[in-house]
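What follows is a short report on a single structure.
Atom set for the values below is all heavy atoms of this structure, side chains included, hydrogens, waters and symmetry mates excluded.
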Amino acid sequence: MNSAARLALYGAGLVVAFGGAFAAAAAVVPDSFVASWAEGSGMNAHGEEHGGSDVTAAGHVPNGLSIDAAGFVLSPVEAPGAVDAEGELSFRVQTVLGEPVIEFAEAHEKDLHLIVVRTDGSKFRHVHPSLDRATGTWSLPWKWDAAGAYRVYADFTPATEGAESITLTRTVDVAGDFTPVTAELRRAVEVDGFSVSLEGNLVAGSSSDLTISVNRDGEPVTALEPYLGAFGHLVALREGDLAYLHVHAEGDEPRAGGTAGPEIGFVAEAPTAGRYLLYFDFQVDGKVHTAEFVIDAAHGDTHGSGSESHSDEPGGH
């Protein structure tokens, strides 16, 4: 096991759905201890469940709940501290030794995906900052349009061979009066002149099929364009702790100039019963739109055994 792979034992995180993944194993820790830890946790060295104790209904540790995972650490996030203040949002991905990480494996056409959302589930943004390789700093121009506490997620794949995606998170407070938004159930929304609806049900611990349909003026939209390597992109957060799930649509990678629609299918595996916030990005005529849904996952098999495993390739995290 090489030094990069050995980093993973520090907070080994696992994406809990949509082809969820665990990064390669850990730094400064003997292989025998990595294997022993994995056995005691009910997972193998790649974080895959093999019948041991379950942490959640799906048998996995939710991803995106910590500033560190797999030997990587998210630095403090610098950003404007008040509403409407012009500035920059910046951060670093570091090793546990404090060294900046500047090499990443491209995933979904980007080296890093930045997700920002207020802790009540509103004000969602999915953006792609630029990396200054001289300092290891990711940054982009930034302005907040509402006060509150925000979760910032850095989603990336290490450059180590065989590594899987990692999601690190921190919270940023924005000064001002804050009135939280209640996450009411919704399966159909209107966004930018499009009618977008979601069908299918989540069951904790089981793979579930979800289908999202896009219509405009009562007609099905068949001109969905490739966006980040797929015809649709889905981020899901669990209400309560905002555990992070991330996936692209099922199916083959789009060909250049190809279009699809009106339906995009996903396979989801909720870690526990409860409410989930779903954010669906799709692109038409070169513009990206985001439809936001709220659905509940029902109780299911608490051990997650016997559920069918689905693949969301290309590129589901």
Side-chain angles (χ1 to χ4, degrees), residues 1-16 19-38 40-41 43-48 55 60-79 88-116 126-140 142 150-172 242-246 315 317:
M1 182 177 293
N2 59 37
S3 59
R6 289 178 178 273
L7 287 169
L9 193 62
Y10 292 91
L14 176 66
V15 175
V16 295
F22 184 80
V28 302
V29 180
D31 288 347
S32 59
F33 186 76
V34 173
S36 175
W37 175 88
S41 69
M43 300 178 187
N44 63 22
H46 298 287
E48 299 164 345
V55 180
H60 302 313
V61 178
N63 195 36
L65 294 177
S66 175
I67 66 172
D68 74 289
F72 297 90
V73 180
L74 182 63
S75 75
V77 177
E78 301 293 333
E88 185 177 77
L89 186 150
S90 63
F91 59 90
R92 295 181 182 181
V93 176
Q94 301 173 325
T95 70
V96 291
L97 300 178
E99 300 169 341
V101 178
I102 60 173
E103 297 296 334
F104 299 85
E106 184 178 289
H108 313 310
E109 302 182 346
K110 299 292 182 179
D111 282 354
L112 183 142
H113 298 262
L114 185 70
I115 306 297
V116 181
H126 177 182
V127 292
H128 303 100
S130 298
L131 174 62
D132 179 353
R133 293 185 178 274
T135 64
T137 301
W138 291 92
S139 64
L140 75 169
W142 200 261
Y150 287 80
R151 288 283 292 278
V152 176
Y153 300 89
D155 180 23
F156 63 92
T157 302
T160 307
E161 182 178 356
E164 301 290 350
S165 64
I166 297 169
T167 306
L168 308 179
T169 186
R170 280 187 181 267
T171 300
V172 175
L242 296 185
Y244 178 88
L245 299 79
H246 185 190
H317 285 319

**Request:** Ignoring hydrogens and angles, tell me if any N or O in the side chain of R170 forms a donor-acceptor pair with the backbone of I67 under 3.5 Å.
**Result:** no
**Asked** Distance-only, no hydrogens or angles: does the T95 side chain make a donor-acceptor pair with backbone N or O of F72 under 3.5 Å?
**Response** no
**Prompt:** Do the two ring centres, one from F156 and one from W138, sit under 6.0 Å apart?
**Reply:** no
**Request:** Go through the structure and list residues passing side chain to side chain contact (heavy atoms under 4.5 Å, CB included) with E78, not counting sequence neighbours.
**Result:** S90
**Request:** Output all residues satisfying side chain to side chain contact (heavy atoms under 4.5 Å, CB included) with S130, sequence neighbours left out; order by chain, then residue number.
**Result:** none
Nearest non-hydrogen partners of [X] and [Y], listed with the distance:
X	Y	value
P158	E164	CD-O, 3.3 Å
F104	V93	CZ-CB, 4.1 Å
G136	L131	C-CD1, 3.6 Å
L140	P129	CD2-CB, 3.9 Å
V172	A79	CG1-CB, 4.4 Å

**Asked** Do I115 and Y244 touch side chain to side chain, with heavy atoms closer than 4.5 Å?
**Response** yes
**Item:** Note, W142 side chain near V127 side chain (heavy atom, < 4.5 Å)
**Value:** yes
To the nearest 0.5 Å, tell me how far [X] [atom1] sits from [Y] [atom2].
X	Y	atom1	atom2	value
D155	L112	CG	CG	7.0 Å
Q94	E99	CD	CD	9.5 Å
L168	F91	CG	CZ	9.5 Å
L242	T171	CG	OG1	8.5 Å
K110	T157	NZ	OG1	14.5 Å
T167	L74	OG1	CG	11.0 Å

**Message:** Once salt bridge (charged side-chain N to carboxylate O under 4.0 Å, His left out) is applied, do any residues pair with E106, and if so which ones, sequence neighbours excluded?
**Reply:** none
**Item:** side-chain hydrogen bond (donor to acceptor under 3.5 Å, both in side chains) against T137, all qualifying residues, sequence neighbours excluded
**Value:** R92, T135
**Message:** So, using side-chain hydrogen bond (donor to acceptor under 3.5 Å, both in side chains) as the criterion, who are the partners of S66 when residues are at least two apart?
**Reply:** D68
**Request:** Walk me through it: do L114 and L89 pass the test side chain to side chain contact (heavy atoms under 4.5 Å, CB included)?
**Result:** CA-CA 11 Å; L114 185 70; L89 186 150; 3.9 Å; yes
